[in-house]
Engineer: 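First the structure, then my questions, so here it is.
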Amino acid sequence: MATPKEQFEILTEGTVEVIKEEELEEKLVRAEREGRPLVVKQGFDPSAPDLHLGHAIGLRKLRQFQDLGHKVVVIIGDYTGMVGDPSERSETRPRLTHEEVMANARTYQIQLSKIVDPDPAKLEVVMNGGWFSEMTFADVMNLAGKYTVARILERDDFTNRWQNELPISIHELFYPLMQGYDSVEIKADVELGATEQKFNCLVAREIQKAYGVAPEVVMLLPVLEGTDGVKRMSKSTGNYIGIDEPPREIYGKTMSIPDEMIARYFELAAWLPESEVVAIRKELAAPETNPRDVKRRLARALVSLYHDDDAAATAEEEFDRIFAKGGLPDEIPEPALTIGGQADIASVWIVALVKSAGLASSNGEARRLIKQGGVRIDGEVVRDADATVSLDEPRLLQAGKRRFVRVLPDNVTLGEGE
RNA sequence: GGGGGGGUUCCCGAGUGGUCAAAGGGAACAGACUGUAAAUCUGUCGGCGAAGCCUUCGGAGGUUCGAAUCCUCCCCCCCCCA
C-alpha cells in the first residue's frame with residue numbers, strides 16, 4: 001500500500017492545478033489513518049455517450065485513485081443536462097427522456113470500464129436527478145440563497161456573454177450551484193475536472209461549506225485539443241477520437257491531427273512519461289525527422305491502448321494500403337440501393353447511382369464530385385456526369401480517397417422517379 | 001413603461017429596391033502536390049437529368065414591373081434609462 005506521500009506524488013502528476021495541495025495531503029493522511037477511502041467525483045453530461053480521448057485524461061486519473069484504494073463516484077448529470085453547461089453556449093438542448101438517459105448511463109458504464117475499474121466497491125455511477133427530482137421549491141430557494149449573482153457572474157463565460165450582448169438565462173445561473181450541490185450529496189473529497197471546470201468546482205467548495213460539508217479538493221486536468229488541433233476535443237465539434245472506436249478509425253483520425261499536436265497527444269492521450277515526451281519533442285525538432293513517422297508511432301500507440309498491438313499493426317497496414325498506395329480497405333459496405341428514375345439496370349445514370357449510394361446528398365453534389373474527378377468506378381475515374389453504368393455485374397464505386405461502396409446487382413432496386 | 005440596436009445560407013458575418021442563390025472568413029468536400037486523412041495551392045460549396053426554372057435572408061401580409069433591402073402587424077434577442 002502506497003503511503004500518503006507516495007499517493008500524493010502519483011495523483012498530482014499531470015495535473016494543471018490542485019486546490020489546495022495541502023488539503024489533498026491532509027485528506028490522504030486521514031483516509032489512511034481512518035481506513036476510509038476518499039470519494040472522488042467526476043461528472044458527465046448525459047447526452048453524449050461517446051467518451052473520447054479528452055475524457056480519458058480524467059478517467060485515467062480516476063483509475064489511479066482506484067488503484068490506490070479510493071472510491072470513484074461518477075455523476076451522470078441528467079438534471080444538470082436539462083440546463084446545459086453555460087460554457088457550451090449551445091442552443092437549448094432537447095430534453096432527454098428518462099429512458100434515453102438510462103440507456104446513455106449504461107453506455108457510459110461500458111466505456112468507462114475500458115479505463116476505470118468497474119468493481120462496484122470502487123465505482124459508483126449515479127444520476128443527479130436522484131436528489132434534484134426530490135427537491136421542493138423551498139429547497140431550491142435555499143440552494144439559490146447560498147450564492148450571489150455577482151459571484152456567479154465572475155465566471156468568464158458569463159462575463160463574455162454579457163459583454164457580447166448574448167443572452168444568459170436565469171436557469172443557467174443555477175448550473176454551477178447544481179454541480180456544487182452534487183458534491184454536497186455525495187460528500188465528495190475530491191473532484192476532477194478539466195481546467196474549464198475550475199469555476200464550477202470552486203463554487204462547489206463554497207456550496208459544500210454552506211451546507212456544512214468539508215470542501216472538496218479540486219484537481220484540474222489539461223484539456224486536449226481535438227483532431228483539428230485548435231478546438232477542444234468534443235463530440236459536438238466532431239473533432240474527437242472515441243475510446244470505443246474501431247482500430248482503423250483511431251488510427252486514421254490520429255494521422256489526421258496537425259503535426260504540431262503530435263507531442264501533445266503523446267503526452268495527454270498516450271500518457272507517455274515526461275522524459276519520453278521531451279525526447280519526442282527533440283526528435284520532431286530535428287530536420288531529418290519525418291513527422292509522419294512519429295505520428296505513425298503515436299497512432300499505433302493509441303490503437304494499442306484501446307485495442308491491442310495486433311490491431312494496431314493491422315490498422316497501420318490498412319492505412320498504408322489505402323492512402324499511401326491507393327488500395328482498398330478491408331471491409332467495403334455493400335448496401336441495398338434504391339435508385340430512382342432509372343429504367344434499365346444496364347444503363348444507370350452515374351449521378352443517380354452516386355446519390356443513392358449515399359456518397360452525395362443531392363444530384364448537384366454528385367455532379368460536382370464527378371466533375372472534380374472524385375468518382376471512380378472499378379478504379380476508373382468517371383468525369384462525364386451524363387455517363388451511365390451497367391449494374392449487371394458487381395461494381396466498385398469510390399468517392400474521394402476513402403469512401404467506397406460495392407454495388408451488387410442483387411442489391412439494386414430501380415425505384416420510381418423522384 | 002421609455003429610448004436604441006439586432007434576427008441573412010452548416011457557423012460567423014457583409015449586403016438598405018434590380019447587376020443577389022446573396023461578399024468575406026470558417027467548416028466541409030474534391031483535385032494537385034506531399035511526408036499523412038499534416039501543411040500548402042486550386043476548385044466546389046440551396047434544389048432540379050443543368051436549359052432555364054424553383055425555393056431561401058425571423059413569421060404573416062402589403063407596396064412595386066421588380067423586395068434580403070420599403071411599409072404594416074407579429075415573434076424572438078441585446079443594450080441604456082426607469
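Chain letters run A, B, ... following the sequence lines, proteins first and then strands; every chain starts at 1. Below, all heavy atoms of this structure are taken into account, side chains as well, without hydrogens, waters or symmetry copies.
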Engineer: Expressed in angstrom and rounded to an integer, what is the separation of A:Ile370 atom CD1 from B:rG49 atom C1'?
Structural biologist: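 A:Ile370 atom CD1 is separated from B:rG49 atom C1' by 11 Å.
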Engineer: May I have the distance from A:Gln398 (atom CD) to B:rA30 (atom P), rounded to whole angstrom?
Structural biologist: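 Nearest whole value for this atom pair: 10 Å.
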Engineer: For the side chain of A:Asp259, starting at C-beta, report the closest nucleotide among B:rA38, B:rG43, B:rC29.
Structural biologist: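 Closest nucleotide among those given: B:rA38.
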Engineer: Select base, sugar-phosphate, or nothing to describe what A:Arg296 touches, counting heavy atoms under 4.0 Å on all strands.
Structural biologist: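 It contacts nothing in the nucleic acid.
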Engineer: Any ring pair (Phe, Tyr, Trp, His ring centres under 6.0 Å) involving residues 327-361 of chain A? Give me the pairs, sequence neighbours left out, ordered by first then second residue.
Structural biologist: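 Passing the test, one end in residues 327-361 of chain A: no pairs.
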Engineer: List the residues meeting ring-ring contact (aromatic ring centres under 6.0 Å, His included) with A:Tyr251, not counting sequence neighbours, and say none if there are none.
Structural biologist: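 If we apply the ring-ring contact (aromatic ring centres under 6.0 Å, His included) test to A:Tyr251, skipping adjacent residues, the hits are A:Phe319.
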Engineer: In the structure shown, which nucleotide is the Watson-Crick or G-U wobble counterpart of B:rA22, with both distances under 3.5 Å?
Structural biologist: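 Partner of B:rA22: none.
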Engineer: Suppose we define a pair by two distances each less than 3.5 Å, Watson-Crick or G-U wobble; what does B:rA67 pair with here?
Structural biologist: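 Because no pair has both required distances under 3.5 Å, B:rA67 counts as unpaired.
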Engineer: Figure out the CD/P separation between A:Glu365 and B:rC10, and round it to whole Å.
Structural biologist: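 In whole Å, B:rC10 P and A:Glu365 CD are 13 Å from each other.
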Engineer: Would you say whether A:Phe323 stacks on B:rA37? The test is a distance between ring centres of less than 5.5 Å and an angle between planes of less than 30°.
Structural biologist: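 So no, this residue does not stack on that base, at least one cut-off failing.
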Engineer: Can you tell me how far C1' in B:rC57 sits from the matching atom in B:rG52, rounded to whole Å?
Structural biologist: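 Pairwise C1' distance, B:rC57 against B:rG52, rounds to 23 Å.
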Engineer: In whole Å, measure the gap between the C1' atoms of B:rC71 and B:rA21 for me.
Structural biologist: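 Per the computed distance, 26 Å lies between those C1' atoms.
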Engineer: Taking atom C1' of B:rG26 as reference, at what distance in whole Å does atom CG of A:Asn239 sit?
Structural biologist: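 My rounded result for the distance is 14 Å.
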Engineer: Does B:rG47 have OP1 or OP2 sitting under 4.0 Å from an N or O in the side chain of A:Ser362?
Structural biologist: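 For B:rG47, OP1 or OP2 has a side-chain N or O of A:Ser362 closer than 4.0 Å.
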Engineer: I need the CG-P distance between A:Leu369 and B:rC45, as an integer number of Å.
Structural biologist: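 For the pair A:Leu369 CG and B:rC45 P, the rounded distance is 13 Å.
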Engineer: Select base, sugar-phosphate, or nothing to describe what A:Gly400 touches, counting heavy atoms under 4.0 Å on all strands.
Structural biologist: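 The answer is sugar-phosphate, as A:Gly400 gets under 4.0 Å only of primed atoms, P, OP1 or OP2.
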Engineer: Whole-Å distance between B:rA28 P and A:Lys253 NZ?
Structural biologist: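 Those two atoms, NZ and P, are 13 Å apart.
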Engineer: Using purine N1 to pyrimidine N3 plus N6-O4 or O6-N4 for Watson-Crick, or N1-O2 and O6-N3 for G-U wobble, each under 3.5 Å, what pairs with B:rU44?
Structural biologist: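 By the stated definition (distances under 3.5 Å), B:rA28 pairs with B:rU44.
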Engineer: Report yes or no: is there a donor-acceptor pair, N or O only, under 3.5 Å between the side chain of A:Gln342 and the base of B:rG49?
Structural biologist: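 Yes, a donor-acceptor pair under 3.5 Å.
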Engineer: Looking at the side chain of A:Arg367, which of B:rG49, B:rA38, B:rA30 is the nearest nucleotide?
Structural biologist: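 So the side chain of A:Arg367 is nearest to B:rG49.
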Engineer: What nucleic acid atoms does A:Ile262 come within less than 4.0 Å of, heavy atoms only: base, sugar-phosphate, or nothing?
Structural biologist: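 Nothing: the residue A:Ile262, judged by heavy atoms under 4.0 Å, touches no strand.
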Engineer: Spell out yes or no: do the side chain of A:Gln372 and the base of B:rG31 have one donor N/O and one acceptor N/O closer than 3.5 Å?
Structural biologist: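 It does not, because no donor-acceptor pair links the side chain of A:Gln372 to the base of B:rG31 below 3.5 Å.
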Engineer: For A:Gly364, report the nucleic acid contact type (base, sugar-phosphate, nothing); a contact means any heavy atom under 4.0 Å.
Structural biologist: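 If one applies the 4.0 Å heavy-atom cut-off, A:Gly364 turns out to touch a base.
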Engineer: Would you say A:Lys401 reaches B:rG31's phosphate, i.e. side-chain N/O to OP1/OP2 under 4.0 Å?
Structural biologist: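 For B:rG31, OP1 or OP2 has a side-chain N or O of A:Lys401 closer than 4.0 Å.
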Engineer: B:rG47 phosphate, OP1 or OP2: any side-chain N/O from A:Arg368 under 4.0 angstrom?
Structural biologist: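 For A:Arg368, the contact criterion (side-chain N or O under 4.0 Å from OP1 or OP2 of B:rG47) is met.
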Engineer: Could you let me know what B:rG35 is paired to, Watson-Crick or G-U wobble, both distances under 3.5 Å, or none if it's on its own?
Structural biologist: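 Pairing partner, where one exists within any strand: none, as none qualifies.
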Engineer: Taking the side chain as every heavy atom from C-beta outward, state whether A:Val74 and A:Leu112 have any pair of such atoms under 4.5 Å apart.
Structural biologist: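 They are in contact (side-chain heavy atoms under 4.5 Å apart), so the answer is yes.
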Engineer: What nucleotide, of B:rA38, B:rG47, B:rG49, holds the atom closest to the side chain of A:Asn363?
Structural biologist: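 My answer, after comparing the listed nucleotides, is B:rG49.
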Engineer: Between B:rG49, B:rA30, B:rA37, which nucleotide has the shortest distance from any of its atoms to the side chain of A:Trp349?
Structural biologist: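 Looking only at side-chain atoms, A:Trp349 lies closest to B:rG49.
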Engineer: So does A:Thr227 get a side-chain nitrogen or oxygen closer than 4.0 Å to the phosphate oxygens (OP1/OP2) of B:rA37?
Structural biologist: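 No, because none of the side-chain N or O atoms of A:Thr227 sits under 4.0 Å from OP1 or OP2 of B:rA37.
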Engineer: Enter the distance from A:Ile350:CD1 to A:Leu369:CG here, rounded to the nearest 0.5 Å.
Structural biologist: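 Answer rounded to 0.5 Å: 9.5 Å.
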Engineer: Do A:Asn200 and A:Gln197 have a side chain donor and acceptor closer than 3.5 Å?
Structural biologist: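 Yes - a donor-acceptor pair under 3.5 Å links their side chains.
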Engineer: Roughly how many Å is it from NZ in A:Lys355 to C1' in B:rC29, rounded to a whole number?
Structural biologist: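 Computing the A:Lys355:NZ to B:rC29:C1' distance gives 18 Å.
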